[in-house]
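Indexing begins at 1, ligand by ligand and atom by atom, following the structure's order. Hydrogens, waters and symmetry mates play no part in the numbers below; they use all other heavy atoms, side chains included.
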Amino acid sequence: MSRAQLIEMTKRHLAHAQAGTVDQAPGVLRVPAQHYTDPGRWRREVELIFKRLPLALAFSSELREKHAYRALEVCGFPVLLVRNGQGEMRAFVNMCSHRGAHVVAEGRGQARRFMCPYHAWTYTSDGELAAILDGDEFGEVDRSCLGLTPLPVSERAGMIFVVLSPGEAFDFDAALCGYGEILDHLGLADAHVVGCQSVEGPNWKIAYDGYLDFYHLPILHRKSFGPDIGNKAVYDTWGPHQHVGMPLPSLKALAAKPEEEWPMNVLLAGIWTIFPHVSIATFDADGPLYMVSQLFPGATVHESVTLQTFLSPEVPSPAREEKIQAQMDFLHQVVQDEDYATGKRIGRALTTGAKPHVHFGRNEGGGQAFHSWVDALLEVEGPDLLPLFSQAVGPRVR
Ligand code: FES
Ligand SMILES: [Fe+2]
């Protein structure tokens with residue numbers, strides 16, 4: 001089913017390659033400059049987008065074993081991910097029921113029990129409160145109500161998605177709009193995490209705009225990727241999630257082959273973004289190397305942090321490890337010194353108020369759709385936002 005979708009996508013890209021065309025939105029979109037600079041709007045984005053939608057916080061392969069855990073803080077929200085004794089992934093607010101300490105220090109590990117570092121209350125990998133130090137002296141409490149607070153969690157396509165709103169139930173299928181099935185083809189579930197690094201960036205939307213934008217590639221990145229890299233983009237969408245493809249002339253060779261023989265690496269080429277904060281790109285380092293960029297708002301409207309996690313289908317040999325490290329260093333430098341350095345300057349320029357708008361061209365439909373989804377989500381208060389995902393939210397022309 002989803003290979004058929006990949007074939008349909010690629011046929012569309014091939015048609016563009018043959019005709020020398022790109023996708024074009026109905027008009028040029030103007031986005032108010034203050035959408036990138038207003039602290040009040042930014043806080044609403046964090047609350048209404050980052051705390052209501054599934055975020056891809058970790059990878060199945062890094063938490064494969066029973067009782068493997070990872071503790072991390074996302075938008076100031078302490079999260080504990082743990083695979084329980086039955087092999088199921090659980091997510092909790094990493095906060096002690098006694099007086100609110102973080103129960104598990106940030107990082108990864110393996111543990112059947114988690115002991116709070118403040119007064120030693122202890123929890124199981126299912127989040128149950130297992131022990132209270134000096135319980136007789138502490139006094140009567142209902143332990144069954146004092147476990148860790150669960151968060152909705154689901155593993156899809158080798159990624160662990162969590163919603164930062166306490167509760168067990170969440171309709172991940174509705175939010176992913178069938179995209180998880182297509183991402184399965186990337187094979188991240190069986191890939192190995194081979195590296196991780198982080199980059200400090202500008203406002204999260206300035207940063208995210210760049211992941212949907214091929215228009216800038218041969219210009220901003222002419223010294224790193226070279227001036228011959230294409231700047232044409234074609235977009236395929238599953239709700240707010242977008243694939244950015246390139247209608248490369250090399251695709252024309254596919255026309256001579258039966259569709260069943262079209263190779264998976266060609267069908268999967270391009271950038272896979274997961275709204276609101278992930279971009280997956282494939283590079284070569286003596287074999288495929290996936291770079292998954294997880295983008296998070298930082299401490300202020302003008303800051304973000306991007307975690308770049310690198311995954312390989314095979315455990316790399318020592319020789320390949322060197323190649324992977326060189327590719328990681330290169331990509332860190334490109335994103336930090338080219339994309340995000342530009343983005344930070346954009347943030348400062350927009351703050352001057354000199355321009356009321358920025359523009360997304362008809363050839364920048366990905367950015368148009370992204371901003372339309374952000375606007376639409378900010379208009380829906382309360383938890384019942386999923387009906388929006390079953391509606392077409394098209395680019396709006398201002
Ligand atoms: S805050 Fe955790 S045991 Fe006291
Ligand atoms: Fe870029």
- Task: Quick one: pull up CG in L53 and CG in L164 and give me the separation to the nearest 0.5 Å.
- Result: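 So the gap between those two atoms works out to 10.0 Å.
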
- atom 1 (S) of ligand 1: which protein heavy atom is closest, and how many Å away?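 The closest one turns out to be R99 N, 3.4 Å.
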
- Message: If you count every heavy atom of other residues, nucleotides or ligands that lies below 6.0 Å from Y118 atom OH, does the total exceed 12?
- Response: no

- Assess whether atom CG of D142 is packed by more than 12 heavy atoms of other residues, nucleotides or ligands within 6.0 Å. yes

- Task: Show which atoms of ligand 1 fall inside a sub-4.0 Å distance from at least one heavy-atom site of Y118.
- Result: 1 (S), 4 (Fe)

- Message: Show the atoms of ligand 1 that are less than 4.0 angstrom away from any heavy atom in W121.
- Response: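 What qualifies from ligand 1 is 3 (S).
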
- Under 2.8 Å: N/O/S of C96 next to atom 2 (Fe) of ligand 1: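 It does: C96 brings an N, O or S atom closer than 2.8 Å to atom 2 (Fe) of ligand 1.
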
- Query: What N, O or S atom of H98 is found closest to atom 4 (Fe) of ligand 1?
  - Reply: ND1

- Query: Nearest to the Fe ion (ligand 2), which N, O or S atom of H221 do we find?
  - Reply: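 Within H221, restricted to N, O or S, the Fe ion (ligand 2) is closest to atom NE2.
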
- Does any N or O in the side chain of S312 come within less than 3.5 Å of the main-chain N or O of P316, such that one atom is a donor and the other an acceptor?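 Not a single qualifying donor-acceptor pair exists.
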
- Query: In terms of the angle between their ring planes, are W238 and W272 parallel, tilted or perpendicular, with boundaries placed at 30° and 60°?
  - Reply: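 Tilted, since the angle between the ring planes falls between 30° and 60°.
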
- Out of S97, A120, C116, A101, whose heavy atom is nearest to atom 2 (Fe) of ligand 1? C116

- Query: Measuring to the Fe ion (ligand 2), does D339 have an N/O/S atom at a distance below 2.8 Å?
  - Reply: yes

- Query: Given S60 and E155, is the side chain to side chain donor-acceptor pair (under 3.5 Å) satisfied, shown in steps?
  - Reply: CA-CA 7 Å; S60 301; E155 286 184 276; 2.7 Å; yes

- Message: Using 2.8 Å as the threshold, say whether any N, O or S atom from H119 sits that close to atom 4 (Fe) of ligand 1.
- Response: yes

- Task: Show the numbers, then the answer: is there a side chain to side chain donor-acceptor pair (under 3.5 Å) between Y179 and D236?
- Result: CA-CA 11 Å; Y179 196 50; D236 291 271; over 6 Å; no

